[in-house]
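Here the structure comes first, spelled out in structure tokens, and everything after it is commentary.
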Amino acid sequence: MSIELLAPGGSYDSVIAALNAGADAVYTGGNLFGARANAQNLTLDELYSVIDYAHLFGRKIYLTINTLIKEKEIEEQLFNYLLPLYEYGLDAVIVQDMGVLLFIKENFPELHIHASTQMTISGKLTVKELEKLGVSRIVTPRELSINEIKMIHDSSEMEIESFVHGALCYCYSGQCFMSSYIGGRSGNRGQCAQPCRMEYDIIKNGKLLNNGNNKYVLSPKDICTLRILPDIIEAGVYSLKIEGRMKKPEYVAGVVSIYRKYIDKYFNDKEKYNVDENDIKLLADLFNRNGFSESYYYKHNGSDMLSLKKPVFRTENIEFVQFLKENYGGERKKYPLDISVIIEKNKPIKLSTQINGEDIVFQGERPLIAENRPITEDIVLKQLSKLGNTSFEIHSIDIRLSDDVFVQVGYLNQLRRDFIEKVKKCILSKDRRKKVEQKKYTKVRYHYDRLSINVLVSDFKQLNSVLKNKYVNRIYMEEYAFHEKDVTTLIKKIHEEDKEVFLAMPYMFREKDKKTFHKKFGDDLLKFDGFLIRNIEQYYYLDKNGLENNYVFDYNVYTYNTIAKDYYLSEEIVPTIPLELNYRELKDRGCEKEEFIAYGYMPVMISAGCGLKTCKQCDSKNSTYEIRDRLNNKFATKCVCDYCYNIMYNCKPLSLLGYADEIKSLNPGSIRLNYTFETENQVRDSLERYINVFIDNHKITDNTDSTRGHFKRGVL
């Protein structure tokens with residue numbers, strides 16, 4: 001069973017240190033489209049260099065293209081950015097964006113595609129579909145358990161990559177908007193400002209639950225999985241991934257070297273696998289947040305996974321850091337060569353070696369006839385062994401030399417340089433690819449001349465406020481608002497008002513959640529007119545179970561660009577227009593036929609972690625509490641206990657009441673109003689205002705305490 005140790009490379013020096021320390025592959029970023037935009041990302045020449053260095057020693061380099069990419073970027077930049085790296089032999093790209101995935105598959109057919117953890121892949125059905133699209137590897141969400149990963153492994157031939165060490169996000173990757181909404185720095189664009197590492201209060205019914213110094217309630221400890229590494233490997237994880245592209249080369253080298261030790265230890269003698277506590281201490285010396293956790297592999301959540309208190313200042317382990325610098329810094333790995341040298345009278349000088357069973361031969365000029373002192377074996381050996389500034393070293397050298405020949409030392413040096421260059425080219429040439437031409441993509445434009453109003457409600461009182469409104473075409477009911485015994489009655493009630501009823505699915509949908517969901521709804525699912533999809537696994541689950549209904553993909557199943565949007569529309573799925581694109585960018589992309597969210601408290605985080613459980617106040621009653629920041633902003637947070645996740649909502653609602661003309665010029669098929677915490681009267685008044693503006697074309701000034709989101713400014 002082969003296993004890959006995958007290391008982070010946030011800078012050139014970090015990539016080299018990782019390879020020196022024993023990484024089988026390194027993931028790194030260039031100057032575009034990476035989820036760590038503020039790392040010391042590599043230039044094109046540096047990427048060429050690390051690809052060569054890795055390939056000489058049978059290692060791999062993966063490039064991060066793991067952000068959402070805008071229309072102009074995918075049209076004008078992506079192809080030219082990837083083309084030289086594709087030709088040079090880049091091993092794989094890591095992607096989040098479905099449009100990018102399809103673009104790369106079409107334009108760079110020999111390039112491996114890894115589906116990023118940012119895609120929030122929660123189950124085996126999604127994995128099977130990605131396999132059909134040509135994806136060769138998935139990166140699992142850090143929240144998945146050992147058993148869930150094993151289920152994916154047992155159902156697919158797909159390679160699985162999972163995190164084993166490093167920083168842990170509080171939010172499911174790809175589902176975080178907190179940095180985006182607070183400061184315009186989007187995690188989906190590699191600009192996360194890490195607001196989760198700040199202090200917060202947890203408040204329920206006006207009572208502060210986290211007294212004292214326990215304020216870092218959104219800040220998980222770093223993960224360290226040395227003790228459970230055998231379990232992760234046996235579950236079917238192929239690539240063991242270390243997080244840390246913002247870390248120094250010494251951190252990368254230290255973590256890689258220790259994990260290399262334990263992977264080798266496991267495969268050398270599985271029965272005697274044990275962990276030396278001194279190695280855990282060395283890892284902690286490099287970096288930790290009040291200790292480590294073992295991630296979610298055996299836990300769904302818990303306060304012991306969080307830092308809670310202010311991180312303690314660490315005294316640098318100077319001796320260990322110095323050891324790492326001296327042993328893993330710089331391009332120190334050497335490829336051992338067995339060389340044969342033949343210098344005979346009246347014959348061209350010949351240098352040769354064998355690489356992977358292939359003979360590599362280099363011929364020079366004929367040697368001169370010696371008039372005084374013939375050349376000696378010692379001189380030949382000395383000059384040909386001078387490989388100090390190359391990636392090669394002499395393992396053995398066989399010299400056949402006539403007695404009466406002479407070669408100038410300068411020429412021997414030139415022969416050595418030319419021969420080594422040929423050897424290097426021969427080794428690396430197998431990775432080079434032929435140039436490709438960009439495929440032309442034809443945009444599909446839709447005409448949609450009727451704008452309807454759809455409403456999402458979160459409780460029965462809100463439903464009563466919109467039920468009889470003649471302008472409301474469709475009602476989305478939040479899944480958590482339903483009780484099993486009410487499903488049939490509520491659907492019938494909505495249908496009697498000649499309105500569609502869609503079920504708004506949970507934000508997460510893992511294997512255990514499918515059983516809960518089916519038990520709750522069963523055959524009643526057939527009575528819904530359609531579904532609002534929040535996780536791609538839900539779509540494949542419903543489709544597999546014969547529910548050929550209407551599907552709307554919510555804003556968090558991303559369609560930043562035309563390719564992603566048209567792909568879903570071709571499957572008769574209606575996307576929800578992205579929330580992080582501004583008006584001009586939406587014009588570039590096109591919004592015809594889609595749904596546009598014009599009002600609502602939007603989620604900033606979807607988390608497996610639960611603030612109430614962190615404070616030992618879990619009541620399993622779908623409770624709502626508040627998370628308060630240092631500026632006294634309050635983020636209402638909903639516990640969805642059937643599926644055990646939290647939804648943290650923005651402190652202000654999105655309201656685009658004043659931009660009706662711009663929105664209508666985008667020609668969406670519908671606008672949606674999302675109601676979460678609003679009272680019955682607030683819903684009724686809000687709905688009336690939006691009808692006045694979007695249907696009756698009245699001009700109304702929006703004086704509410706709300707946000708315009710990214711409609712005007714967008715994100716970088």
Side-chain angles (χ1 to χ4, degrees), residues 122 141-145 168-173 175-178 181-182 195-221 289-291 293-310 458-459 478-483 504 506-510 512-513 516-517 520 534 601-651 676-678:
S122 66
R142 278 164 271 208
E143 291 79 4
L144 293 196
S145 68
L168 183 64
C169 292
Y170 188 78
C171 182
Y172 278 95
S173 295
Q175 303 300 311
C176 187
F177 284 82
M178 197 167 190
Y181 287 161
I182 290 173
C196 51
R197 302 300 182 188
M198 307 297 289
E199 294 180 279
Y200 295 92
D201 293 327
I202 293 183
I203 301 166
K204 185 181 179 187
N205 299 327
K207 180 182 177 183
L208 178 66
L209 301 184
N210 59 324
N211 293 309
N213 189 32
N214 298 316
K215 299 298 183 182
Y216 292 87
V217 292
L218 304 181
S219 181
K221 297 174 182 177
R289 287 184 172 90
N290 294 323
S293 81
E294 291 180 343
S295 192
Y296 294 91
Y297 287 111
Y298 285 113
K299 299 196 71 167
H300 187 83
N301 51 32
S303 59
D304 57 338
M305 296 179 68
L306 298 168
S307 181
L308 289 182
K309 299 182 186 303
K310 187 173 183 177
S458 302
D459 60 40
E478 282 286 6
E479 190 277 344
Y480 61 71
F482 278 102
H483 191 279
Y507 277 93
M508 284 309 301
F509 205 64
R510 293 161 63 170
K512 63 179 179 57
D513 300 333
T516 303
F517 182 79
K520 186 173 183 178
R534 267 86 173 254
Y601 284 92
M602 302 311 301
V604 295
M605 279 193 183
I606 310 297
S607 68
C610 174
L612 294 186
K613 187 172 181 180
T614 296
C615 297
K616 298 180 171 50
Q617 299 285 326
C618 175
D619 57 14
S620 299
K621 293 181 179 178
N622 285 349
S623 298
T624 299
Y625 62 95
E626 292 177 336
I627 292 177
R628 182 175 65 192
D629 69 13
R630 67 191 188 283
L631 300 177
N632 206 37
N633 295 309
K634 296 176 182 178
F635 300 85
T637 304
K638 177 74 176 176
C639 299
V640 183
C641 296
D642 282 348
Y643 308 100
C644 198
Y645 69 85
N646 279 193
I647 311 170
M648 187 196 305
Y649 292 92
N650 200 10
C651 55
T676 47
F677 307 111
E678 293 83 356

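Index from 1, following the sequence.
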Could you walk me through whether R510 and E143 pass salt bridge (Lys or Arg N to Asp or Glu O under 4.0 Å), step by step?
CA-CA 10 Å; R510 293 161 63 170; E143 291 79 4; over 6 Å; no
Should Y649 and F677 be marked as a ring-ring contact (aromatic ring centres under 6.0 Å, His included) after you check the CA-CA gap, both sets of side-chain angles, and the distance that decides it?
CA-CA 10 Å; Y649 292 92; F677 307 111; 5.1 Å; yes
Side chain to side chain contact (heavy atoms under 4.5 Å, CB included) assessment of R142 paired with S173
CA-CA 8 Å; R142 278 164 271 208; S173 295; 3.4 Å; yes
For Q617 and K204: C-alpha separation, side-chain torsions, deciding distance, then whether side chain to side chain contact (heavy atoms under 4.5 Å, CB included) applies.
CA-CA 10 Å; Q617 299 285 326; K204 185 181 179 187; 5.9 Å; no
Could you walk me through whether Y643 and E479 satisfy the side-chain hydrogen bond (donor to acceptor under 3.5 Å, both in side chains) test, starting with their C-alpha distance in whole Å, then the side-chain angles of each, then the deciding distance to 0.1 Å, before giving a yes or no?
CA-CA 11 Å; Y643 308 100; E479 190 277 344; 2.8 Å; yes
Is there a side chain to side chain contact (heavy atoms under 4.5 Å, CB included) between F177 and M602 once you walk through the steps?
CA-CA 9 Å; F177 284 82; M602 302 311 301; over 6 Å; no
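Side-chain atoms of N301 and K613 include a donor-acceptor pair closer than 3.5 Å. Counted by atom type alone, N633 and D629 present one or more donor-acceptor pairs between their side chains at under 3.5 Å. Neither side chain, N646 nor K638, offers a donor N or O lying under 3.5 Å from an acceptor on the other.
Between the OG1 atom of T516 and the CG atom of D642 there is a distance of 6.5 Å, given to the nearest 0.5 Å. One finds the CG atom of D304 at 13.0 Å from the CG atom of N290 (value rounded to the nearest 0.5 Å). The CD1 atom of I627 sits 13.5 Å away from atom NZ of K634, with the distance rounded to the nearest 0.5 Å. How far CG of L306 is from OG1 of T614: 4.5 Å, rounded to the nearest 0.5 Å. For the atom pair Y625 OH and N205 CG, the distance stands at 13.5 Å (nearest 0.5 Å). Between Y480 atom OH and Y645 atom OH the span is 8.0 Å, to the nearest 0.5 Å.
Although no hydrogens or angles enter the test, the distance criterion places no donor-acceptor pair under 3.5 Å between the side chain of S458 and the main chain of E478. N650 places no side-chain N or O within 3.5 Å of a backbone atom of Y601 that could act as its donor or acceptor partner.
Residues C639 and C610 are in side-chain contact: their nearest non-hydrogen atoms beyond the backbone lie under 4.5 Å apart. Considering only heavy atoms from C-beta on, I647 comes within 4.5 Å of V640 through its side chain. Side-chain contact between K309 and Y216: absent, with no pair of heavy atoms (C-beta onward) separated by less than 4.5 Å. Residues M305 and P220 are not in side-chain contact: their nearest non-hydrogen atoms beyond the backbone lie 4.5 Å or more apart. Counting heavy atoms from C-beta on, the side chains of C196 and M178 never come closer than 4.5 Å. Taking 4.5 Å as the limit, some side-chain heavy atom of F635 sits within range of a side-chain heavy atom of I182. Side chains of P506 and D513 form no contact here, defined as non-hydrogen atoms less than 4.5 Å apart. Inter-residue side-chain proximity for L209 and L612 is flagged as met; some heavy-atom pair is nearer than 4.5 Å.
The nearest pair of heavy atoms linking V217 to Y200 is CG2-CB, 3.8 Å. Closest heavy-atom contact between I606 and M508: CG2-CG, 4.1 Å. K215 and N210 make their closest contact through NZ-O, 3.0 Å (heavy atoms, listed as atom of the first residue, atom of the second, distance). The two residues S295 and K299 have their closest heavy-atom pair at O-CB, 4.4 Å. Pairing each heavy atom of H300 with each of C644, the nearest pair is NE2-O, 2.7 Å. Closest of all the heavy-atom pairs between R289 and S219 is CD-OG, 4.0 Å.
In this structure, the side chain to side chain donor-acceptor pair (under 3.5 Å) partners of E678, at least two apart in sequence or on a different chain, are Y599.
Within a 6.0 Å sphere centred on NZ of K512, heavy atoms belonging to other residues, nucleotides or ligands number more than 12.
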